[in-house]
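Input: a single structure, listed below in structure tokens.
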Protein chains: 2
Amino acid sequence: MTLHHDIARKLADAGIPLTSQRLLIACELFAEHCHLSADELLQRVGSLTPDISRATVYNTLKLFSQKGLVQELVVENGKRVYDSNTAPHPHCYNADTGELTDVHQSLQLAGPLPELPPGTALERVDIIVRVRNVA
Amino acid sequence: MTLHHDIARKLADAGIPLTSQRLLIACELFAEHCHLSADELLQRVGSLTPDISRATVYNTLKLFSQKGLVQELVVENGKRVYDSNTAPHPHCYNADTGELTDVHQSLQLAGPLPELPPGTALERVDIIVRVRNVA
DNA sequence: TTCAGTTTTTAGACACAGTCTAAACCGGAA
DNA sequence: TTCCGGTTTAGACTGTGTCTAAAAACTGAA
């Protein structure tokens with residue numbers, strides 16, 4: 001059972017037809033737990049094969065996110081990053097460096113969730129710990 | 001004591017020299033508690049006097065944010081909004097409509113904050129309740 | 001008041017992330 | 001083989017925000 005087979009299975013389970021481009025993107029995305037932007041991913045994949053277009057990377061990431069394979073995050077500077085860890089977990093954002101890291105310790109909310117606006121259902125609760133470099 | 005005087009005092013207290021443009025922007029921003037993007041604000045101010053430039057709106061909002069008069073938020077779709085309520089409070093984001101609202105009930109974290117990365121200090125903790133419209 | 005120096009504002013060019021479009025491509029079924 | 005749907009592609013396009021250089025406005029001193 002190779003990594004490729006694992007990932008092909010993962011896509012099939014999510015109901016996503018396999019293509020060579022999707023396999024490549026998924027490999028890069030799931031190889032290590034990190035937070036990648038579309039352009040970073042495009043660069044990584046592009047350095048392997050020059051034959052993958054920007055639109056495909058964007059489409060594929062959106063598809064993966066819709067199917068629950070990755071979590072889309074927007075923290076700052078108008079750049080969305082994709083987290084291959086889909087379990088709910090807080091993030092730590094360094095406002096000076098722009099670095100985004102996972103917080104492995106689970107942070108629970110004390111008390112019940114607030115009343116949601118009428119006609120809406122909870123999707124998830126994002127917790128972002130913002131830090132700055134000390135002088 | 002008019003609204004203009006209140007706001008002029010507010011800027012002075014924050015160490016921001018007063019200009020007519022800053023006063024106009026601040027009025028629009030503090031008149032009602034809402035979440036405005038730079039372009040929305042530009043449109044509102046521009047409809048009053050056509051003589052205020054985009055760069056000024058962006059610069060002023062950044063200045064206000066640095067001085068702690070407003071809170072800058074980035075939620076999704078690469079658009080930053082400015083919240084005139086600077087007290088820490090959670091937000092509710094509707095992923096279907098893009099609407100961002102305040103949650104007035106305070107949400108505390110259970111347990112201590114996680115260990116911060118070395119060389120960093122806490123700025124704030126953002127809590128965003130993401131909801132979707134029910135079908 | 002005039003002058004010089006500083007701060008603020010301005011228009012427009014620019015950069016960047018992401019979307020859209022229309023055509024090309026691919027793979028399977030008939 | 002042809003047809004047909006889904007997928008990929010290049011490149012144009014949009015929208016948000018930044019940069020730059022020049023104009024304008026303010027400030028304090030003479």
Side-chain angles (χ1 to χ4, degrees), chain A residues 7-8 11-12 14-29 35-46 48-67 69-83 95 98 100, chain B residues 7-8 11-12 14-29 35-46 48-67 69-83 95 98 100:
Chain A
I7 289 177
L11 297 193
I16 298 173
L18 191 63
T19 69
S20 67
Q21 290 91 341
R22 288 176 182 160
L23 187 59
L24 268 176
I25 291 172
C27 277
E28 212 52 50
L29 208 47
H35 304 90
L36 287 173
S37 73
D39 271 331
E40 283 162 353
L41 195 58
L42 176 60
Q43 227 170 346
R44 292 198 184 192
V45 173
L48 302 175
T49 71
D51 303 322
I52 195 159
S53 80
R54 198 157 59 116
T56 299
V57 172
Y58 277 92
N59 290 340
T60 302
L61 286 172
K62 191 185 287 182
L63 179 66
F64 284 4
S65 158
Q66 281 166 353
K67 296 294 188 177
L69 290 182
V70 297
Q71 202 176 72
E72 188 182 282
L73 290 173
V74 180
V75 181
E76 206 166 290
N77 63 38
K79 215 171 175 181
R80 55 195 71 177
V81 297
Y82 294 88
D83 186 348
L100 185 68
Chain B
I7 288 177
L11 296 193
I16 299 174
L18 191 62
T19 69
S20 67
Q21 291 89 342
R22 286 175 184 160
L23 187 59
L24 267 177
I25 291 172
C27 277
E28 211 50 51
L29 208 46
H35 304 89
L36 287 173
S37 71
D39 271 331
E40 282 162 354
L41 195 58
L42 175 61
Q43 227 171 345
R44 293 197 184 194
V45 173
L48 301 175
T49 71
D51 303 321
I52 194 158
S53 80
R54 197 156 61 115
T56 299
V57 172
Y58 277 92
N59 290 341
T60 303
L61 286 173
K62 192 185 286 182
L63 179 66
F64 284 3
S65 157
Q66 282 166 355
K67 297 294 188 178
L69 291 182
V70 295
Q71 203 178 70
E72 188 182 282
L73 290 173
V74 180
V75 181
E76 205 166 291
N77 62 38
K79 213 171 176 179
R80 55 194 72 176
V81 298
Y82 294 87
D83 186 348
L100 185 69

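Nothing here was measured: the structure is a model prediction, and the numbers come from that model. Lettering follows sequence order; numbering is per chain, from 1.
Rounding to whole angstrom units, CD of residue B:Glu72 and C1' of D:dT16 are separated by 12 Å. In this structure, the CG atom of A:Leu61 is 13 Å from the C1' atom of C:dA17, given to the nearest Å. As a whole-Å value, the separation of A:Leu42 CG from D:dT8 C1' is 14 Å. A straight line from CG of B:Leu23 to P of D:dC26 spans 13 Å, rounded to a whole angstrom. If you take CD of A:Glu40 and C1' of C:dA17, they are 12 Å apart, rounded to a whole angstrom. The CG-C1' distance, from B:Leu24 to C:dT9, rounds to 13 Å in whole Å. In this entry the distance linking CG of A:Leu11 with P of D:dT7 reads 12 Å, nearest Å. Distance B:Asn59 CG to D:dA21 P: 16 Å, rounded to the nearest Å.
Residue A:Thr56 is classed as a base contact, given a heavy-atom separation below 4.0 Å to a base.
Between B:Gln21 and the phosphate of D:dA25, there is no side-chain N or O to OP1/OP2 separation shorter than 4.0 Å. OP1 or OP2 of D:dT8 lies within a sub-4.0 Å distance of a side-chain N or O belonging to A:Thr19.
In this structure, B:Asp39 and B:Tyr58 have side chains that are in contact, with non-hydrogen atoms separated by less than 4.5 Å. Annotation: side chain of B:Thr56 is not in contact with side chain of B:Arg22 (no heavy-atom distance under 4.5 Å).
Here the NZ atom belonging to B:Lys79 is positioned 14.0 Å from the NE2 atom belonging to B:His35, to the nearest 0.5 angstrom. One distance of note links CD1 of A:Ile7 with CD of A:Glu28; it measures 9.5 Å at 0.5 Å rounding.
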Completion exercise
Protein heavy-atom contacts under 4.0 Å, written 5' to 3' over nucleotides 18-30 of chain C as B (base), S (sugar-phosphate only) or - (none), form the string BBB----------

Practice task
Under the side-chain contact (heavy atoms from CB on, under 4.5 Å) rule, what do A:Leu11 and A:Leu69 come out as? Steps first, then yes or no, please.
Solution key: CA-CA 8 Å; A:Leu11 297 193; A:Leu69 290 182; 3.4 Å; yes

Practice task
Before giving the answer on side-chain contact (heavy atoms from CB on, under 4.5 Å), spell out for B:Ile25 and B:Phe64 the whole-Å C-alpha distance, their side-chain angles and the decisive distance to 0.1 Å.
Solution key: CA-CA 10 Å; B:Ile25 291 172; B:Phe64 284 3; 4.3 Å; yes

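Axis angle across the helix from C:dT1-D:dA30 to C:dA30-D:dT1, with five pairs used at each end and values rounded to 10°: 10°.
Shown here are the side-chain contact (heavy atoms from CB on, under 4.5 Å) partners of B:Glu40, two or more places apart in sequence or in another chain: B:Leu36, B:Ser37.
No option in B:Thr60, B:Leu29, B:Ile52 other than B:Ile52 meets the side-chain contact (heavy atoms from CB on, under 4.5 Å) test with B:Val45.
Looking at every heavy atom in both residues, B:Glu72 comes nearest to B:Ser65 through CB-OG, 4.0 Å.
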